[in-house]
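The next block holds one structure in the form of structure tokens; read it before the comments.
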Amino acid sequence: MNSPDRVGLLGLPSLELAPHLLGAHVSTFIGGRLVVVRLTEVEAYDGHQDPGSHAYRGKTARNAGLFGPPGTAYVYFTYGMHFCANVVCGQEGTASAVLMRAGEVVSGRDTVLARRGNPKGPEAQLLSGPARLAQGLGLTLEHNLARFRDGTAVPPGPDLALGNLAIAPAGYLAGPRTGVAGDGGGEEYPYRFWLPGEPSVSPYRKAAPRKVRGGRD
DNA sequence: ATGTTGATCTTCT
DNA sequence: GAAGATCAACATC
């Protein structure tokens, strides 16, 4: 019945799961296209106690997926145009989750290129950044609350899968999260994890305040 | 190579 | 009403 092995590593809280996601394979079968990506950079979000988490202020309609069972996909819409995707983990209700930030294409490169709009930049940048990665995988709000299946083979099962989770990376680095403003940013929350030497890992930037709009004179 | 700005809209205060 | 787990284009060096 409720054997813990069935949930497996996804039952770990985000700070423990995050390193396992490095080097793991994410597979999507969306729109009849299979894409497999090897993750190189992730960020952990630690639920209600984490000022950087969407769950910090409690459960809302938007972040409800964070409070779901491990293996839930939490996809959100931001900046009026981008989607970002998390793997919900830990015990149900704790809102522990890992944001997928960057990766490299393992399979389905043509599909990824088309979805990304055939960008002109270097190949390493193709899936460098959470919105780029989600776009390449074909993830949108339609996939919010979907479930990640264990394993690489996707069709004809669920749309999303996670493989190679059990393989711990030989070495990885950790540091402050990118783009997180306020108390959740900075050295006190070294919740960003990446594989050293991977060209797809996005450079660190502080969360810069935007220019004030609608300035009157 | 690094810094600044516009795009675009949902969500919460 | 303002900010946001961002990106791409443009300016300047």
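No experiment lies behind these values; they were computed from the predicted model shown. A, B, ... follow the sequence lines: proteins, then strands. Residue 1 opens every chain.
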[X] [atom1] to [N] [atom2]: how many Å, rounded?
X	N	atom1	atom2	answer
A:Glu41	C:dA5	CD	C1'	11 Å
A:Arg62	B:dC9	CZ	C1'	11 Å
A:Phe83	B:dT10	CZ	P	10 Å
A:Asn86	C:dT6	CG	P	11 Å
A:Arg57	C:dA3	CZ	P	14 Å
A:Arg177	C:dT6	CZ	C1'	16 Å
A:Asp183	C:dG4	CG	P	12 Å
A:Met100	C:dT6	CE	P	14 Å

Item to complete: Starting from the 5' end of DNA chain C, give me the residue, A:Leu99 or A:Gln125, whose nearest nucleotide shows up first.
Response: A:Leu99
Discussion item. Between A:Ala181 and A:Ala131, which residue's closest nucleotide on DNA chain C lies nearer the 5′ terminus?
Written reply: A:Ala181
Which of these nucleotides, [options], is closest to any side-chain atom of [X]?
X	options	value
A:Arg132	C:dA8, C:dA5, C:dG4	C:dA8
A:Phe77	C:dA5, B:dT10, C:dA8	B:dT10
A:Met81	B:dT13, C:dT6, B:dA7	B:dA7
A:Arg116	C:dA8, C:dA5, C:dT6	C:dA8

Worksheet item: What heavy-atom pair brings A:Pro196 and A:Gly171 nearest, and what distance separates the two atoms?
Response: CD-O, 3.5 Å
Fill in: Minimum heavy-atom distance between A:Leu99 and A:Ala85, given as atom pair plus value
CD1-O, 3.5 Å
It should be established whether [X] places a side-chain nitrogen or oxygen under 4.0 Å from OP1 or OP2 of nucleotide [N].
X	N	answer
A:Arg192	C:dA5	no
A:His82	C:dC7	no
A:Thr78	B:dT11	no
A:Arg101	C:dT6	yes

Worksheet item: How about A:Ser202 and A:Glu41: does a side-chain donor come under 3.5 Å of a side-chain acceptor?
Response: yes
Discussion item. Side chains of A:Gln135 and A:Arg116: any donor to acceptor distance under 3.5 Å?
Written reply: yes
Worksheet item: Are any side-chain N or O atoms of A:Glu43 and backbone N or O atoms of A:Thr178, one a donor and one an acceptor, separated by less than 3.5 Å?
Response: yes
Worksheet item: Between A:Ser14 (side chain) and A:Tyr45 (backbone), is there a donor-acceptor pair under 3.5 Å?
Response: yes
Worksheet item: If we take the P atom in both C:dA3 and B:dT5, what is their distance in whole Å?
Response: 15 Å
Discussion item. Let's go through A:His25 and A:Leu162 carefully: what are the C-alpha distance in whole Å and the side-chain angles of both, what is the deciding distance for side chain to side chain contact (heavy atoms under 4.5 Å, CB included) to 0.1 Å, and is it a yes or a no?
Written reply: CA-CA 6 Å; A:His25 285 186; A:Leu162 285 170; over 6 Å; no
Practice prompt. Remember a base hit wins even if backbone is also touched, and classify A:Gly52 as base, sugar-phosphate or nothing at under 4.0 Å, heavy atoms.
Written response: base
Worksheet, complete the sentence: Dot-bracket for DNA chain C, 5' to 3', Watson-Crick and G-U pairs with both distances under 3.5 Å, [ ] for crossing pairs, | for partner on another strand, reads ||||.|||||||.
Discussion item. For C:dA5, is there a stacking contact with A:Tyr45, counting only centres under 5.5 Å and planes under 30°?
Written reply: yes
Discussion item. Could you list the cluster mates of A:Phe77? Members are the ILVMFWY residues connected by side-chain heavy atoms closer than 4.5 Å, either directly or through other members.
Written reply: A:Val75, A:Phe83, A:Leu141
Worksheet item: Between the base of C:dA5 and the side chain of A:Tyr76, is there any donor-acceptor pair under 3.5 Å?
Response: yes
